2 protein chains.
Amino acid sequence: MPTINDVAKAAGVSPSTVSYVLSGRRPISAETRARVQAAIAELGFHPHAGARALASSKTNVIALVAPLRVDVNVPVIMQFATAVVTAARSYNHDVLLLTKDEGTAGVERVAHSTMVDALILMDLERDDLRIPALRRLKQPSVLIGLPADHTGIACVDLDFGAAARAALDHLAGHGHRRIGLVGPSPAVYKRQTTYADRFLTGFLEASVDLGLQTVTHPCEPGAEGVRSCMADLDAELAGLTALVVHNEEALRPLLDLLHATGRRVPEDVSIVAICPRDVATAMPVNLTSIDIPAHDVGTLAVETVMRLLDGRRVEYTRLLEPSLVERDSCREISASHR
Amino acid sequence: MPTINDVAKAAGVSPSTVSYVLSGRRPISAETRARVQAAIAELGFHPHAGARALASSKTNVIALVAPLRVDVNVPVIMQFATAVVTAARSYNHDVLLLTKDEGTAGVERVAHSTMVDALILMDLERDDLRIPALRRLKQPSVLIGLPADHTGIACVDLDFGAAARAALDHLAGHGHRRIGLVGPSPAVYKRQTTYADRFLTGFLEASVDLGLQTVTHPCEPGAEGVRSCMADLDAELAGLTALVVHNEEALRPLLDLLHATGRRVPEDVSIVAICPRDVATAMPVNLTSIDIPAHDVGTLAVETVMRLLDGRRVEYTRLLEPSLVERDSCREISASHR
DNA sequence: GCCCATCGTCGAAGCGCTTCGACGAAATTT
DNA sequence: AAATTTCGTCGAAGCGCTTCGACGATGGGC
């Protein structure tokens with residue numbers, strides 16, 4: 001492996017000049033620059049990342065802490081990761097992948113040993129133990145999610161409250177007045193990831209604002225969970241004409257169940273789902289849905305990191321507007337149901 | 001951030017002694033070691049990764065090159081990634097995540113700039129352009145997959161040929177003689193990922209060996225693809241009593257189709273699927289399946305990397321034995337069908 | 001009781017880069 | 001025409017660690 005010294009010799013300049021050609025931090029004459037670049041190309045020189053990090057205190061690496069349990073939501077996590085890696089590369093950074101399992105220790109390890117310039121964490125819990133640890137780091141961090149007290153730490157997420165509101169707006173606009181929410185599994189609420197609550201709160205507030213009769217229920221995974229959730233919803237509020245489904249895995253069994261019990265979508269029951277677009281369109285009925293904009297969120301997280309690294313101002317809470325895409329699962333309520 | 005010098009002063013020893021305490025490469029007396037460790041703990045010292053990499057030419061990082069397109073197979077990819085990260089951590093290494101999109105350039109970039117000690121790549125194509133590049137690197141690499149010419153590069157994968165054989169063995173053992181293969185989508189064949197071919201070859205060979213009448217067909221995604229695939233299979237071989245499905249996304253629509261056309265599983269048609277366990281058990285019928293042991297493959301890939309880094313011998317082609325798990329989708333063929 | 005190996009520690013060199021201050025030459029100002 | 005800036009480059013220091021050779025102190029073998 002050639003070093004910067006080899007390049008310098010080959011180009012007949014000093015190593016510092018090569019460095020300045022590379023970084024552009026000082027003016028270098030066109031001819032010198034050309035000679036240096038030729039030497040770089042010819043020797044196939046690549047600066048040694050460790051040496052660079054040591055000298056400049058910059059690694060050009062950011063950590064991504066992802067929930068790598070083999071869990072639900074896998075596709076969404078993957079979309080986040082993809083977006084983060086892609087965006088990071090566009091800023092000439094690489095991504096070190098950590099699992100959430102390592103907890104506080106993992107975060108501190110990579111930060112203290114100066115492996116990364118910044119961190120992006122996903123799947124934050126309400127009172128996430130890692131947050132106080134993050135505050136102590138010299139590296140900035142950006143959260144994908146919205147824990148309770150994130151003072152001083154930038155957060156990016158979908159505005160789940162607004163998403164709930166948008167779903168109800170849409171259904172109310174189609175004349176629906178009795179609406180059920182098929183919520184995430186109790187495990188999600190238990191895990192204290194706040195998006196479930198934010199959605200629920202938005203849902204309840206919008207119900208009031210719009211004068212709707214609504215009923216909500218978490219939904220265990222699997223056909224049985226869906227069955228019992230629907231039974232509960234129906235029992236608590238007769239004459240449901242629409243469902244909001246904030247539970248990706250429930251979608252399929254739910255449609256099966258509705259089909260089996262002779263409730264047609266959208267003729268008898270309208271549905272708005274909160275899920276990735278491809279899930280919405282992979283169902284027997286193309287579902288009107290609110291996308292989880294994982295790509296946008298991931299990209300924004302990286303942009304925020306870059307601003308922080310540049311010492312620029314950032315908004316500490318950035319909640320992305322939901323966007324509802326109409327497909328085939330909502331219909332104007334028929335007169336007979338009003 | 002305290003440095004090794006700070007620790008040395010606090011412990012009243014030289015920096016090199018601290019280093020030897022850390023690495024264990026030279027004997028250090030118990031008292032000195034204790035004093036040094038106390039100083040490390042008290043100061044909260046963490047060695048600077050860049051400095052360490054520079055001095056030792058080891059980064060303790062491995063690159064994982066994953067296909068991060070938002071594609072099918074996402075869960076499997078995630079399982080690989082999870083296994084790799086977890087296993088790497090158990091060897092005190094971290095993982096730098098690259099996308100396959102960067103191609104040869106990405107691989108060369110991280111290798112030449114000495115960001116990683118080794119690479120693990122997934123989703124290799126038959127004549128993958130990255131392979132010649134990998135051969136030129138000073139870092140070793142391990143492939144998850146089996147491209148055509150991988151001389152000198154370690155590969156780890158499921159033995160898809162054996163998997164096909166195992167599926168047919170199982171069905172033949174249940175008396176089935178007329179069996180169809182629902183293959184991957186044409187796109188997969190086109191992408192030249194070799195597992196599809198390896199499976200197909202194994203399937204055809206086993207058909208002959210077991211004296212079976214078989215027919216094979218790729219299967220486009222979606223309900224329509226499944227319909228036309230089944231139509232083709234039925235047309236080419238009447239009286240099919242069993243299906244082998246090597247196509248995760250086709251599974252669901254296939255079961256729907258069979259149901260809709262009144263063919264019961266397993267009463268009228270037995271099924272063996274090649275897919276992750278959780279997919280097999282998420283279907284209306286619990287499917288007898290051959291798992292893609294992503295976790296084992298990922299772990300083995302990391303172990304292989306570690307052996308290579310230690311200069312130990314490795315097997316250059318490691319194909320994991322498939323294991324078939326019986327569930328509810330296969331049945332002894334009834335007399336009337338023989 | 002002498003020689004040699006081993007143990008435990010230190011000092012110094014060096015890994016490959018960035019960055020700061022310096023300095024002559026050229027350009028600009030006054 | 002003198003004074004000042006700017007331009008383009010260099011040399012040297014230093015980032016924080018590992019590692020090699022050296023060296024005094026022990027200890028075992030004979």
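Since this is a predicted model, take the numbers as computed values, not measurements. Residue numbers begin at 1 in each chain, while the letters A, B, ... track the order of the sequences.
- At the heavy-atom level, A:Ser16 lies under 4.0 Å from base atoms of the strands shown.
- Closest heavy-atom contact between A:Ala294 and A:Ala83: O-CB, 4.1 Å.
- Around CZ of A:Arg25, the count of heavy atoms belonging to other residues, nucleotides or ligands within 6.0 Å does not exceed 12.
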*Step by step, would you call B:Asp128 with B:Lys100 a salt bridge (charged side-chain N to carboxylate O under 4.0 Å, His left out)?*
CA-CA 11 Å; B:Asp128 206 294; B:Lys100 191 187 168 191; 5.1 Å; no
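- For DNA chain C, the outermost nucleotides in 5' to 3' order that have an atom under 4.0 Å from a heavy atom of chain B are C:dG8 to C:dG16.
- Counting any heavy atom pair closer than 4.0 Å across all strands shown, A:Arg25 reaches sugar-phosphate atoms only and no base atom.
- At its two ends the helix from C:dG1-D:dC30 to C:dT30-D:dA1 runs along axes set 20° apart, each axis drawn from five pairs and the angle rounded to 10°.
- Atom CZ in A:Arg33 sits about 9 Å away from atom P in D:dG8, given to the nearest Å.
- Enclosure of atom CZ in B:Arg318 is not indicated, since only 12 or fewer non-hydrogen atoms of other residues, nucleotides or ligands lie within 6.0 angstrom.
- In the model, B:Ser14 has a side-chain atom that pairs as donor or acceptor with a side-chain atom of B:Thr17 under 3.5 Å.
- Distance check: B:Asp94 CG to A:Glu102 CD gives 7.0 Å after rounding to the nearest 0.5 Å.
- When all heavy atoms are compared, the tightest approach of B:Leu64 to B:Met122 is CD1-SD, 4.2 Å.
- Of the residues in residues 41-55 of chain A, those placing a heavy atom less than 4.0 Å from an atom of DNA chain D are A:Leu54, A:Ala55, in numerical order.
- For A:Lys190 and A:Glu125, the salt-bridge test fails: no basic side-chain N is under 4.0 Å from an acidic carboxylate O.
- If you check every strand for non-hydrogen atoms under 4.0 Å, B:Ser56 touches sugar and phosphate atoms only.
- Each of B:His112, B:Arg109, B:Glu108 was scored for a side chain to side chain donor-acceptor pair (under 3.5 Å) with A:His46, with one residue passing: B:His112.
- One finds the CG atom of B:Leu143 at 10.0 Å from the CG atom of B:Asp157 (value rounded to the nearest 0.5 Å).
- Using a 4.0 Å heavy-atom cutoff across all strands shown, B:Val18 reaches no nucleic acid atom at all.
- Between A:His93 atom NE2 and A:Asn60 atom CG the span is 4.0 Å, to the nearest 0.5 Å.
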